[in-house]
Amino acid sequence: MPTTPATATHSSSNGTAEAIMLELVDESGTTIGTAEKLAAHQAPGQLHRAFSVFLFDEQGRLLLQRRALGKYHSPGVWSNTCCGHPYPGEAPFAAAARRTYEELGVSPSLLAAAGTVRYNHPDPASGLVEQEFNHLFVGMVQERVRPDADEVGETAFVTAEELAGRHATAPFSAWFMTVLDAARPAIRELTGPAAGW
């Protein structure tokens, strides 16, 4: 993993896991503090910074991932290409690129900001809550995906029509439609009208 000033403070020299800290924000997205990751997601949830990535292939198909069964939050459900949280002090763009590589083994050939969305989505299965100020990114992927099995159970490239069918029959993350709908203007600009997004 590339080392930046933000990621260096989250790497342990002796291999032990350190607490993952998130940036707490106000309703305008201004940083107001930090909280440990699990604590920030416990009901009623603390508003924190997050990101969501939507990557497409050259045919305009969206790369989905099914979250690994071992994840503590929303395991085994389908979701957008990648999502996560910047470390305190880490730019959302840098976090999105970093995490996409960590989870899927690819670096986007194009990645652009697509706005922000704020939401509150409880997860009934775990009792955790997503209170997030989410930075959206859209882009292209041209490499073969090499998922980390601890993070990703499965991947699929889908057209807009195929997504509609899959969403009707398969479990998806609670936040998926919220972030997809918020990113649609940028997705349409990227993929063109023929792709149907």
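Only this structure's heavy atoms are used, side chains among them; waters, hydrogens and symmetry mates stay out.
Atom-to-atom distance recorded for Glu23:CD and Ile32:CD1 is 10.5 Å, nearest 0.5 angstrom. The distance from atom CG of Leu47 to atom CD of Gln131, rounded to the nearest 0.5 Å, is 6.0 Å. Separating the CZ atom in Arg61 from the CD atom in Glu162 is a distance of 7.5 Å, to the nearest 0.5 Å. Taken to the nearest 0.5 Å, the CG atom of Asp57 stands 4.5 Å off from the CD atom of Gln59. Distance check: Glu103 CD to Thr155 OG1 gives 12.0 Å after rounding to the nearest 0.5 Å. For the atom pair CZ (Arg98) and SG (Cys82), the distance works out to 9.0 Å, reported to the nearest 0.5 Å.
Pairs of residues two or more places apart, or lying in two chains, never qualify as salt bridge (charged side-chain N to carboxylate O under 4.0 Å, His left out) while including a residue from residues 104-115. Applying the ring pair (Phe, Tyr, Trp, His ring centres under 6.0 Å) definition to pairs two or more places apart or across chains, those involving residues 22-46 are His41-His48, His41-His73, His41-His85. Applying the salt bridge (charged side-chain N to carboxylate O under 4.0 Å, His left out) test to pairs two or more places apart or on separate chains, none has a residue in residues 126-142.
For Ser28, the side chain to side chain contact (heavy atoms under 4.5 Å, CB included) partners at least two apart in sequence or on another chain are Asp26, Thr30. Partners of Arg67 by salt bridge (charged side-chain N to carboxylate O under 4.0 Å, His left out), not counting sequence neighbours: none found. Not a single salt bridge (charged side-chain N to carboxylate O under 4.0 Å, His left out) links Arg166 to another residue, sequence neighbours left out. For Ala35, the side chain to side chain contact (heavy atoms under 4.5 Å, CB included) test picks out Leu24, Ala40, Gln46, with sequence neighbours left out. Scored by the salt bridge (charged side-chain N to carboxylate O under 4.0 Å, His left out) test, Arg118 finds Glu27 as partners (sequence neighbours excluded). Checked against salt bridge (charged side-chain N to carboxylate O under 4.0 Å, His left out), Asp148 has no partners two or more places apart in sequence or in another chain.
No donor-acceptor distance shorter than 3.5 angstrom exists from the side chain of Glu36 to the backbone of Met21, with no hydrogens or angles considered.
Phe157 forms part of a hydrophobic cluster together with Phe51, Val53, Leu55, Leu63, Phe93, Leu104, Val106, Leu111, Phe137, Val141, Val145, Val152, judged by ILVMFWY side-chain heavy-atom separations under 4.5 Å. Members clustered with Leu69: none, using a 4.5 Å side-chain heavy-atom cutoff among hydrophobic residues. The hydrophobic cluster around Trp175 extends to Phe54, Phe56, Leu62, Leu64, Trp78, Leu110, Val117, Tyr119, Leu136, Val138, Met140, Val158, Leu163, Phe172, Phe176, Met177, Val179, Leu180, Ile187, Leu190, Trp197, counting ILVMFWY residues whose side-chain heavy atoms fall within less than 4.5 Å of a member.
Looking at Glu90 and Arg49, no side-chain N of the basic residue comes within less than 4.0 Å of a carboxylate O on the acidic one, giving no salt bridge.
Considering all non-hydrogen atoms of both residues, Ser79 and Ser173 come closest at OG-OG, 2.8 Å. Of all heavy-atom pairs spanning Val129 and Pro44, the tightest one is CG1-O, 3.5 Å. Heavy atoms only, all atoms of each residue included: Ala195 and Gly60 are closest at CB-O, 4.3 Å. Considering all non-hydrogen atoms of both residues, Ala95 and Pro86 come closest at CB-CA, 3.6 Å. Nearest heavy atoms, Ala149 versus Ala68: O-CB, 3.7 Å. Taking both residues in full, the closest heavy atoms of Asp181 and Pro185 are given as O-CD, 4.0 Å, listed atom of the first, atom of the second, then distance.
Counting heavy atoms from C-beta on, the side chains of Gln42 and Leu128 come closer than 4.5 Å.
Residue Glu143 places its CD atom among more than 12 non-hydrogen atoms of other residues, nucleotides or ligands, all under 6.0 Å distant.
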